[in-house]
Amino acid sequence: MRLSNAFLKTMKEVPKEAQVVSHQLMFRAGMIQKLASGIYNYLPMALRSLRKIEAIIREELEKKGCQEVLMPIVQPAELWRESGRWDYYGAELLRFKDRKDSDFCLGPTHEEVITDMVRKNLKSYKQLPWNLYQIQSKFRDEIRPRFGLMRGREFIMKDAYSFDESVEKSMENYQLMYEAYTDIFNRCGLKFKAVDAATGAIGGDKSHEFQVLAESGEDGILSCSHCDYAANEEKAAVKERQFKTDSSIFTPLEEVHTPNQKSIEEVTAFLGKKPEELIKSLVYMIDEEAVLILVPGNKEVNEAKIQAFFNANVVHLADDKTVEEITGAKTGFAGPVGLKKQIKIAADRGIQEFPNMICGANKTDYHLTGVNFERDYKVEEMGDFIHALPGEPCPVCDEGKLEEHRGIEVGQVFYLGTKYSESMSCNFLDRNGKQVPAVMGCYGIGVGRTLAAAIEQNHDEAGIVWPMAIAPYEVLVMPLQLKDEDVVNVGNTLYKWFMDLGIDVAIDDRNERAGFKFNDADLIGYPLQIIIGSKTLAEGMVEVKIRATGEKLKIKVAEIQDWVVNFKKEALK
RNA sequence: CGGGAUGUGGCCCAGUGGCUAGGGCACCUGGUUUGGGACCAGGGGAUCGGAGGUUCGAAUCCUCUCAUCCCGACCA
């Protein structure tokens, strides 16, 4: 590509709406342009990098036996009604009608379509395993798109879906994809961590996220300082402990007047107690069922854990009216003792730590003191319902503590089980001639987000520092003095040589001053700059600048091809 | 959806009731320059987000609306 004719405009200043470095640099380097909030045009430089990431993905997935398909973005509502998600996917699913008034949506993900596609073709276990993938645009009407390609509404995603005859076989597929993802992100030159993850609206019960470590990451990750445990903050487990109960120190249950003292802070201040001596009691709607959730007063409820524990589709706090109906008191005075309407009670294990706790009395303006587990109330479910925090002991080993990192989620693998195959009757005949649902997994990679994450991780003050594998161009040939015929000729010759060698090469043949070209080259981040100047050329040499290190070398013109080919080979190892 | 903020050439910004709306970057022409974002001269490009209102007069004041960004809630 000749820069003199490139569809490319670089910029010194950034629009103020670009807040993170990857967005700023992609904008300045002329890679993307915003069309609407969270919706971007990909210009040639960006597309070249995206295509390289896609090529790596295709290679690694084909190695694992995956097969590429392409499904439509526009999807009929009836499939979503069949899976049940039409009703609870929420506003993120962009819905619309066609001219015949039929409901459609833009695909935010493709479990429904793929399951439908597969069930029309799947008859026998002999056909399995299948792992089908596509690379395609998704649309999710995010409440708050942000950070350029990091969280767009329309974005390019690789999604894959596996179909197996058994849970064991599905786990094998899961493992293959885990390996493929590791290879893919390594090849893209990223530093990342695979962490335990929650499954959210996709469903299923086993999942790992691939998190690129970066300060600007939206996700919190907790990892052990000692062992290799790592999990998304919302999934990270709290270590199980043994609690001893000494009923001899139990004090009697007492009602105390706490007028207008609703929050944990208010009640602890009013009674002169510590937050951990309170039981935080919250009424949650878990799908259609109201459940009282108890956690220690100094901890935060973790809705993701509740959703997973109850295998629920939707979890949210009950509204004030429901709370009043159940407790018989205004909100802020709920507790496990003496509920007006008996509902299921589920408690975090941590509430057993202290005796003589305080909780709402289910009576407006009153709390109870001397509340003791088992003696005064029982719970149906006991589990881990709170957020783990940095500094807490590792849930797996006995040595380590949890440390916090920020991460950008570039990929996620899920074990789905039969959630979709059952609701959508994606069945086959097994070895015993019995009709059974396929066991599924699904696997996503945010392609654009991977690009953004690569920039977040690889840049300096001057601009992008591309890993060789995903650089839009590997080499930029820079003839500096366009009035010097030798310089121009050598520039054109090298440009042709590199193209013939299969190197991705561009030539800066613009009539600009040297400084301008250098700054532009550093901004765009070509891994290698081949600088051709009159003086060095007179010695039969050209200069090579290695973007990653800033190193400059003089190399004989006759040796430059071998040198570059070799450098590229080393960089891609 | 709650809180905060912003909309003035492609980008960054100035202009808070009064002449034809300014500057920098970018763009075009000519000249000088030419190894780390050059300089001089000339030039093109804006219905000041939109609609309505107040006023002799509105980018500026008022009302509504649209869009965008940040924090939160939410979300692969």
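Throughout, protein chains are lettered first and strands after them, A, B, ... in sequence-line order, and every chain is numbered starting at 1.
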Quiz item: Does the gap between the ring centers of F192(A) and F185(A) come in under 6.0 Å?
Solution: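 Yes, ring centres under 6.0 Å apart.
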Rounding to an integer number of angstrom, what distance separates [N] and [M] when you compare their [atom1] atoms?
N: U34(B); M: C71(B); atom1: P; value: 48 Å
N: U16(B); M: A59(B); atom1: C1'; value: 9 Å
N: C12(B); M: G37(B); atom1: C1'; value: 16 Å
N: A38(B); M: C1(B); atom1: P; value: 48 Å
N: C19(B); M: C48(B); atom1: P; value: 16 Å
N: U63(B); M: G2(B); atom1: C1'; value: 23 Å

Self-check item: Sugar-phosphate, base or nothing in reach of R28(A), heavy atoms under 4.0 Å
Solution: base
Quiz item: What nucleic acid atoms does K535(A) come within less than 4.0 Å of, heavy atoms only: base, sugar-phosphate, or nothing?
Solution: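 If one applies the 4.0 Å heavy-atom cut-off, K535(A) turns out to touch nothing in the nucleic acid.
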Self-check item: D141(A) CG to C1(B) C1', straight-line distance once rounded to whole Å
Solution: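 Interatomic distance, CG of D141(A) to C1' of C1(B): 13 Å.
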Practice problem: Using the six-membered ring for Trp and the full ring for Phe, Tyr or His, decide whether F516(A) stacks on the six-membered base ring of A38(B) (centres under 5.5 Å, planes under 30°). | Solution: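 No, aromatic ring not over the base.
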Self-check item: I143(A) or R153(A), whichever maps to the more 5' nucleotide of RNA chain B
Solution: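 The answer here is R153(A).
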Self-check item: Quiz item: R151(A) side-chain donor-acceptor pair to C75(B) base, under 3.5 Å
Solution: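 Flag set: donor-acceptor pair detected.
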Quiz item: Is there a donor N/O on one and an acceptor N/O on the other, under 3.5 Å, for the side chain of K552(A) and the base of G36(B)?
Solution: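 Pair found.
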Quiz prompt | Verdict with supporting geometry, D522(A) and Q529(A), side-chain hydrogen bond (donor to acceptor under 3.5 Å, both in side chains) | solution = CA-CA 9 Å; D522(A) 288 348; Q529(A) 300 170 17; 2.7 Å; yes
